[in-house]
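Below is one structure, written out as structure tokens, with a few remarks after it.
Owing to the predicted nature of the structure, the values given are computational and were not obtained by experimental measurement.
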Amino acid sequence: MYALVDCNNFYVSCERLFRPELNGKAVVVLSNNDGCIISRSAEAKAMGIKMASPYFQVREHVDRGDLHVFSSNYALYGDLSARVMEVLDLVSPQVEVYSIDEAFLNLQGMERMIDLDRYGQEVKAQVFQWTGLPVCVGIAPTKTLAKLANYAAKHFPQSLGVVNLSKPGWRERLLQRTPVEEVWGVGRRSAVKLKIDGIHTAEDLANSDAETMRSRYSVVLERTILELRGVSCIGFEGAPEARQQILCSRTFSSRITRRQPLEEAVREYAVRAAEKLRQDQQVASHMAVSIRTNPNAQFEPRYRNTASVKLPTPTSDSRILIKQAVLLLRTIYKSGYRYMKAGVVLSELQPAGNYQSDMFCEDLQSGKSVSLMQTLDAINQRYPRGVTFAGQGVTQDWAMQRKFLSPRYTSNWQELPKVR
DNA sequence: TCTGGGGTCCTAGGACCC
DNA sequence: TCTGGGGTCCTAGGACCC
């Protein structure tokens, strides 16, 4: 038995926590660079504002004053997320953090000892009391059904935010009422195809022939079908697996037309990726750099390209990664384009200090390199951007735009909320 | 004018081995 | 007219998640 605890409109709820006057108002949070809408309050949804729609399409509402808008503030959301997870750790024996705003609880064996509906209500009340953030809870024998239960808890107010599908009859009724595209694991592409095949509801999907669906769609969809029938195929993962790749990419605040600022950006992303790598105590042996123009632009030349390299020996040294990133960029850079975005991907990751070195190459991960990077990280942790590489650029005019950024209320002494 | 960022898993097809 | 059978590994691309 699983519970899925999911925060309601998480980013919007985080912003409202420190701006309570916005409760009951239409609020949205934008993606990086103030591009798209990625979180909406119930009121914003009711206005017909769609998920992922570009900001400029709803700017009218903002100008009229009937919509409040925030830039993404990940320092704030990350900190509040950690607090929610801490509460869940206290109320549940096993927690699997699934994303920034949701977690699965493993309730195996508990159903015989406690009333699950009441437990769900207690979890919800506890998170709200200790963090101020509203959550909904879905309880069911498989993860896919727990996701569905959570969907129901959010959509049917009479549920009071908790739905338990282990009660007889509930699962069938919910499957009948749920459109197939709301099922976890059914994306846009499959939903279109499923409807052509006459499968419109979660119930239709659960009743379809799993074998046939596997060959017509995929083994992933077959698992979803079994999960909807109550056969658990997706296991509980208490301890998170080591990451397989680290990606750092950003859209620029405005288009870049020269090589030099593009190189700055790529160095910056390589440094960011290397920092994450060291944080995970891993090293990488593969790197890719990609650049692209605006794929949505109708009337200007489009270009996108990626170059990659296998590193001679695995490393997490920023200096080496910067150098490689720039070399890769120079192989794909073409002048005459308006570049919109660049990215760096590190892959083939392994635990640091536990890899096969190359007999014919000098080991890049020498003792001096390790202690230099440790020093760098220690300084920058205390004083963000305290030490940078000159090539990362000083003014970084291309850096992303966040015009509606709220203070880092919980993670920066200078930005603590003031009570008058 | 203006459209995010960071991940995972699966599959098909090519290249290769004996 | 007619050219085997059984594998592995790698990569790119698609689909999905939040």
Suppose we screen for ring pair (Phe, Tyr, Trp, His ring centres under 6.0 Å). Which residues come up paired with A:Y217, at least two apart in sequence or across chains? none

So which of A:K341, A:R255, A:R302, A:R304 actually passes side chain to side chain contact (heavy atoms under 4.5 Å, CB included) with A:T293? A:R302

Do you see a donor-acceptor pair shorter than 3.5 Å between the side chains of [X] and [Y]?
{"X": "A:E227", "Y": "A:T144", "answer": "yes"}
{"X": "A:N9", "Y": "A:S41", "answer": "no"}
{"X": "A:D317", "Y": "A:T315", "answer": "no"}
{"X": "A:Q396", "Y": "A:E268", "answer": "yes"}

Runs of at least three consecutive Watson-Crick or G-U pairs, both distances under 3.5 Å, are what I'm after; which ones involve DNA chain B? B:5-18 with C:5-18

Heavy-atom side-chain proximity of A:T251 to A:M340 below 4.5 angstrom: yes

Sequence neighbours left out, what passes salt bridge (charged side-chain N to carboxylate O under 4.0 Å, His left out) with A:E300? Give chain and number order. A:R338

Going 5' to 3' along nucleotides 3-12 of chain B, which nucleotides have protein heavy atoms under 4.0 Å from the base (write B), which only from the sugar-phosphate (write S), and which from neither (write -)? BSSSSBSSS-

Base contacts versus sugar-phosphate-only contacts with protein, heavy atoms under 4.0 Å: please encode nucleotides 13-18 of chain C as B, S and - from 5' to 3'. --SSSS

Applying side-chain contact (heavy atoms from CB on, under 4.5 Å), can you list everything that pairs with A:N23, at least two apart in sequence or on another chain? A:R16, A:P20

Taking the six-membered ring for Trp, are A:Y2 and A:W184 ring centroids under 6.0 Å apart? no

Could you tell me how far B:dG4 sits from C:dC17 if I compare only their C1' atoms? Round to whole Å. 15 Å

